[in-house]
Amino acid sequence: MFGKKAHRFIYLTTLVLLAISIPVSVALPNVLGGVLFANWILEWNWKEKWERMKQNRLAMILALFFFCFGYTFIGTTNAAATWYDWLSKTPFFYFPVVVASTAKPELRWQRFFLLAFSIATCVGAALCVIIMQAKGLIDVRQGGLFISHIRFSICAVLSTLFCLHFALQKNGYPLSIQLCCILMSVWLVAYLFYTQVATGILLLSLSFIITFFYYLFKKKEVHGRAIILIVSGLICIALATSFTVVTYQYFHYDKNKEIGLPAFTARHNPYTHLSAQNTDSQIVENGNKLGLYVCEIELREEWGKRSKVPYDSVSKTLIRYLNSMGEHKDAQGMESLEADDIINIEAGIANVDYLQQFGLKKMLYPTYFTFSLYKKYGITSNSSLLQRYELWQAGAQAFLHQPITGYGMACNKAAINQELEKRNSELKPDMGAHSQFLTYALMGGIPLLLCFLCLLFAPFFDKKRKISFLYILFFAVMAISMLYEDTLETTTGINLFLLFNSFFLFCSHPEETQSN
């Protein structure tokens, strides 16, 4: 239909637009994927395509995984839904085939591809923070993100690594680009710590650890290794000390505080120290017990004077907020609250340290409190980590019932739901396994799981292919995220993995992506 140059232009432009759209859109990557595949068919130079495919047999192996999903029809009880889910997996087929059978672009285009993705991620992060600040939000899930906050954090980690790659290269990048890349990487790291998305912070930390060991063993000079070890050691000591101090400040409780407790407030109303009515009374938060110095008579009266929100709807939040400030939970404590504190409590913020823009307290303290609730009541609904633990248990048990055939692509969540019902779990249905490996095991049993492992690790057994360190980092980020996320069960996740996996394996030049 078009000339060769026109098809080439459409191909390269579509790949760049795909890279730009992934961090900022859910629907657009699917549309662009369709354009990419349609352009590949209309180009029609099958002889050239076949010659390139013969030189990239790895692409054939990766594309075959798409047909492995057909095995899931054996265990499914909903064939129609399975057909629909199978259709959503078509990127597994067309990304490796299209990219591997198309001529590699120039180096400058490759750089532009990675930078375009990184810039789009930076812009998305900036818009998210602007919206959060404008609306006074502290939860990134309400921050106007175009895609899932977890998938976006993965994009932020990858963009950080790409920017650092460009900034630290020694092969002649302009100084202006290197400086911009450094600024973008610093901004993305700041964004991850500002939003406190644990997935992003964990993946970023592990990426730096992998990089540390890579350069440690790459450096042949004893002096170079010594510098890396000393600097890294100091960083580790600083982080470990900070973690220890923050944890100590949260859980440490001086039992001497319970000696000689006053029975009445300054207004002569009785305290209910650690009473049976206060079910959370023994829980320690910010070094203070929630049940000490509590007088709900005064709290109810004073709260009614300062807020139109009913006291009963904020009572636990109010007590925790005052407790985190080290104040008594009575009229005297209420007097210490500023107007902003009242707004925070009305918004459901239960700890003053949750308001920190950065720092370990904002990230760790909510987790510590949910652990306390789990230890005392077995409650998991307030912790994504504890929810995952329960889902993994239920998913593993369901897998053991049908380890060979699985339950099909459309019925794997139903299998987990049944196990949760048996456990009288408080978790909502259809949450999924929250582990890509467990999800595929539930879909197609051991056979599909083994095929997926082959898909992941096949590039490392291809002796003809030179694996760059940048690809290793990309692979590590994606594979680790799959341990505790259904990364490939969303449009963003599947397009992100398959686009960049195909790019690094079949499109990029090894000398460009190999760190110096």
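None of the values given here were measured: they were computed from a predicted structure.
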(message) If only side-chain N and O atoms count, and only distance matters, is there a donor-acceptor pair under 3.5 Å linking N351 with N286?
(response) yes

(request) Establish, from distance only, whether the side-chain atoms of S481 and T487 form a donor-acceptor pair under 3.5 Å. (result) yes

Under the side chain to side chain contact (heavy atoms under 4.5 Å, CB included) test, residues paired with [X] that sit two or more places apart:
| X | answer |
| --- | --- |
| E489 | K89, Q436, T439, Y440, M443, D486 |
| I345 | W303, V314, T317, L318, Y321, L337 |
| L364 | F243, V246, L360, Y368 |
| A81 | N78, A410 |

With sequence neighbours excluded, what pairs up with [X] under the salt bridge (charged side-chain N to carboxylate O under 4.0 Å, His left out) test?
| X | result |
| --- | --- |
| K422 | E419 |
| K375 | none |
| E302 | R267, K305 |

(message) Working note: I150 + E485, criterion side-chain contact (heavy atoms from CB on, under 4.5 Å); need CA distance, chi angles, decisive distance, verdict.
(response) CA-CA 9 Å; I150 293 178; E485 288 292 339; 3.2 Å; yes

(request) Measure the shortest side-chain to side-chain distance between C155 and I22 over non-hydrogen atoms and say whether it is less than 4.5 angstrom. (result) yes

Using side-chain hydrogen bond (donor to acceptor under 3.5 Å, both in side chains) as the criterion, list what pairs up with [X], not counting sequence neighbours.
| X | answer |
| --- | --- |
| D330 | Y271 |
| H252 | Y248 |
| R151 | T490 |
| E298 | T265, N269 |

(message) I'd like to know if the side chain of T370 reaches the main chain of T367, judged simply by a donor and an acceptor atom lying under 3.5 Å from each other, with no hydrogens or angles considered.
(response) yes

(message) F469 vs F475, test: ring-ring contact (aromatic ring centres under 6.0 Å, His included). Steps then yes/no.
(response) CA-CA 10 Å; F469 180 62; F475 174 85; over 10 Å; no

(message) Within the supplied structure, the quantity of interest is the number of heavy atoms (other residues, nucleotides, ligands) at a distance under 6.0 Å from Y311 OH; does it exceed 12?
(response) yes

(request) Return yes when atom OH of Y84 has more than 12 non-hydrogen atoms of other residues, nucleotides or ligands closer than 6.0 Å, and no otherwise. (result) no

Considering only distance and modelled atom types, tabulate donor-acceptor pairs under 3.5 Å from the side chains of residues 119-127, sequence neighbours left out.
from	atom 1	to	atom 2	distance (Å)
T121	OG1	F117	O	2.9
T121	OG1	S159	OG	3.0

(message) Can you confirm if the aromatic rings of Y354 and Y365 lie within a centre distance of less than 6.0 Å?
(response) no

(request) Run the numbers on F162 and L188 for side-chain contact (heavy atoms from CB on, under 4.5 Å), then give the verdict. (result) CA-CA 11 Å; F162 296 160; L188 289 171; over 6 Å; no

